[in-house]
Q: 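One structure follows; several queries about it will come next.
Atoms considered below: every heavy atom in the structure, side chains included; atoms not considered: hydrogens, waters and symmetry mates. Letters A, B, ... are given to chains in the order of the sequence lines, protein chains preceding strands, and every chain is numbered from 1. What you are looking at is a predicted structure, and each value in this text was computed from that prediction instead of being measured.
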2 protein chains.
Amino acid sequence: MGAVDLTTHPGHLARRLQQAHYLLWNTMVSEEITSPQFAVLNALVAEPGLDQRTVGERVGLDRSTIAEVISRLGRRGLLDKVRDPQDGRRFLLRLTDEGLRTHKKLTVRTARMNQVFLAPLATDEQVLFFDLIRRVADAAEGLRNPSEPLVAPS
Amino acid sequence: MGAVDLTTHPGHLARRLQQAHYLLWNTMVSEEITSPQFAVLNALVAEPGLDQRTVGERVGLDRSTIAEVISRLGRRGLLDKVRDPQDGRRFLLRLTDEGLRTHKKLTVRTARMNQVFLAPLATDEQVLFFDLIRRVADAAEGLRNPSEPLVAPS
DNA sequence: CGGTATTGTTCAGTGCACCGACGATTACGA
DNA sequence: TCGTAATCGTCGGTGCACTGAACAATACCG
């Protein structure tokens with residue numbers, strides 16, 4: 001009888017929440033462009049000409065994953081990738097016109113989807129929802145960083 | 001200029017939350033057994049002899065995914081799979097002694113990890129955290145179901 | 001009893017997400 | 001300046017997650 005109640009496990013809830021979101025996204029936003037892909041488009045609308053690594057940092061994806069996402073967006077013609085003449089290690093990323101159009105279109109649909117997704121919560125509860133999740137996620141990310149040392153680095 | 005603030009997008013937050021959990025799990029619980037795998041072990045501790053589909057239902061995984069997870073657990077010798085003599089379509093699943101031991105060990109570590117993960121929240125906030133996420137996830141799942149019809153099925 | 005529908009599992013395909021290792025390029029320090 | 005270190009991207013490997021299609025076994029109905 002050592003079984004545990006998973007509904008009190010935050011990891012399990014997080015997974016279910018993301019699955020639920022995935023389904024809703026697929027039906028209400030797009031079957032072609034995924035939520036992480038939209039995040040990349042959005043980052044490049046905010047800051048055109050970023051390199052891959054920085055985009056990954058902005059949207060929270062590691063180098064391997066961001067490489068795949070970007071390659072898919074490139075294949076769809078939503079984004080251009082050019083070597084930085086100043087620094088031959090990096091690629092500069094920039095949305096195409098098609099990419100801009102897609103971002104605009106999905107922005108509208110995403111807003112609608114978020115409303116439906118959050119409909120079960122009252123307005124003040126939605127604020128709490130964001131705040132609580134953000135605090136937990138931020139703290140856990142902080143645990144993994146080289147972490148601001150409490151004393152000066154040796 | 002059309003860029004959006006992703007920190008107000010529940011889907012993006014859900015993804016980040018899960019990633020944070022993944023990292024913490026890897027360092028504090030196990031590098032071999034993943035959180036979904038633990039969920040399956042847990043379901044079989046609660047109800048030994050379930051079939052694959054039902055286990056998937058219990059932990060929230062579709063048939064394809066649950067098949068892979070179970071095959072991995074089988075390869076590790078944590079679980080046995082036998083055809084149901086009553087119904088040749090299904091496989092009955094049951095933990096091995098090794099599987100039971102593993103579940104017990106991970107239960108302890110998981111509890112510790114959950115404490116660390118939720119540490120940024122006060123006790124009453126943790127209760128809210130569970131409640132809000134569960135409500136959103138449940139509602140979104142409900143949207144996808146054949147859904148209890150409002151009138152009798154024709 | 002026989003044919004059709006339903007159910008449990010598998011398979012192929014796509015995509016996200018991580019790690020560790022590698023090659024190329026640039027930056028820094030002796 | 002020359003060699004070592006850091007940085008950016010790629011590649012291979014593992015694992016989760018979904019869809020749609022195929023297959024086998026069972027259930028149901030005429």
Q: Quick one: CG on A:Asp80 to CZ on A:Arg94, what's the gap to the nearest 0.5 Å?
A: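 One finds 9.0 Å between CG of A:Asp80 and CZ of A:Arg94.
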Q: Is A:Thr34 touching bases, backbone alone, or none of the nucleic acid, heavy atoms closer than 4.0 Å?
A: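 Contact class for A:Thr34: sugar-phosphate only.
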Q: Give the nucleotide from the list D:dG15, C:dT9, C:dC18 with an atom nearest to the side chain of B:Leu23.
A: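 Among the listed nucleotides, the one closest to the side chain of B:Leu23 is C:dC18.
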Q: So which nucleotide from D:dG9, D:dC16, D:dG20 ends up closest to the side chain of B:Ser64?
A: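 Closest of the options to the side chain of B:Ser64: D:dG20.
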Q: So, is B:Gln19 close to the C:dA17 phosphate, meaning a side-chain N or O under 4.0 Å from OP1 or OP2?
A: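 Yes, within the criterion.
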Q: If you look at every strand shown and take non-hydrogen atoms under 4.0 Å, does B:Asn26 touch a base, only sugar-phosphate, or nothing?
A: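 The residue B:Asn26 makes no contact with any strand.
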Q: Counting side-chain heavy atoms from C-beta on, which of D:dC16, C:dA17, D:dG9 comes nearest to B:Glu68?
A: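 Of D:dC16, C:dA17, D:dG9, D:dC16 is nearest to the side chain of B:Glu68.
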Q: Note the angle between the end axes of the helix from C:dC1-D:dG30 to C:dA30-D:dT1, five pairs defining each, rounded to 10 degrees.
A: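 About 0° separates the two local helix axes.
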Q: Are there any protein N/O atoms within less than 3.5 Å of an N/O atom in nucleotides 22-26 of chain D, and if so, which ones and at what distance?
A:
from   : atom 1 : to      : atom 2 : distance (Å)
D:dT26 : OP1    : B:Gly88 : N      : 3.0

Q: A:Arg15 side chain N/O closer than 4.0 Å to the phosphate oxygens (OP1, OP2) of D:dA17?
A: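 Yes, within the criterion.
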Q: Does A:Gln18 make a side-chain N or O approach to OP1 or OP2 of D:dC16 shorter than 4.0 Å?
A: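 So the side-chain polar atoms of A:Gln18 never come under 4.0 Å of the phosphate oxygens OP1 or OP2 of D:dC16.
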Q: So which nucleotide from D:dC16, D:dC18, C:dA17 ends up closest to the side chain of A:Leu61?
A: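 Looking only at heavy atoms from C-beta outward on A:Leu61, the closest nucleotide is C:dA17.
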Q: Within the distance-only criterion (no hydrogens, no angle test), does the side chain of A:Arg134 pair as donor or acceptor with the backbone N or O of B:Leu13 below 3.5 angstrom?
A: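 No: the side chain of A:Arg134 does not pair with the backbone of B:Leu13.
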Q: Look at the side-chain N and O atoms of A:Lys81 and state whether any lies under 4.0 Å from the OP1 or OP2 oxygen of D:dT10.
A: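 A:Lys81 to D:dT10 OP1/OP2: side-chain N or O found under 4.0 Å.
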Q: Relative to each other, are the rings of A:Phe38 and B:His9 parallel, tilted or perpendicular (30° and 60° limits)?
A: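 Because their plane-to-plane angle is under 30°, the rings of A:Phe38 and B:His9 count as parallel.
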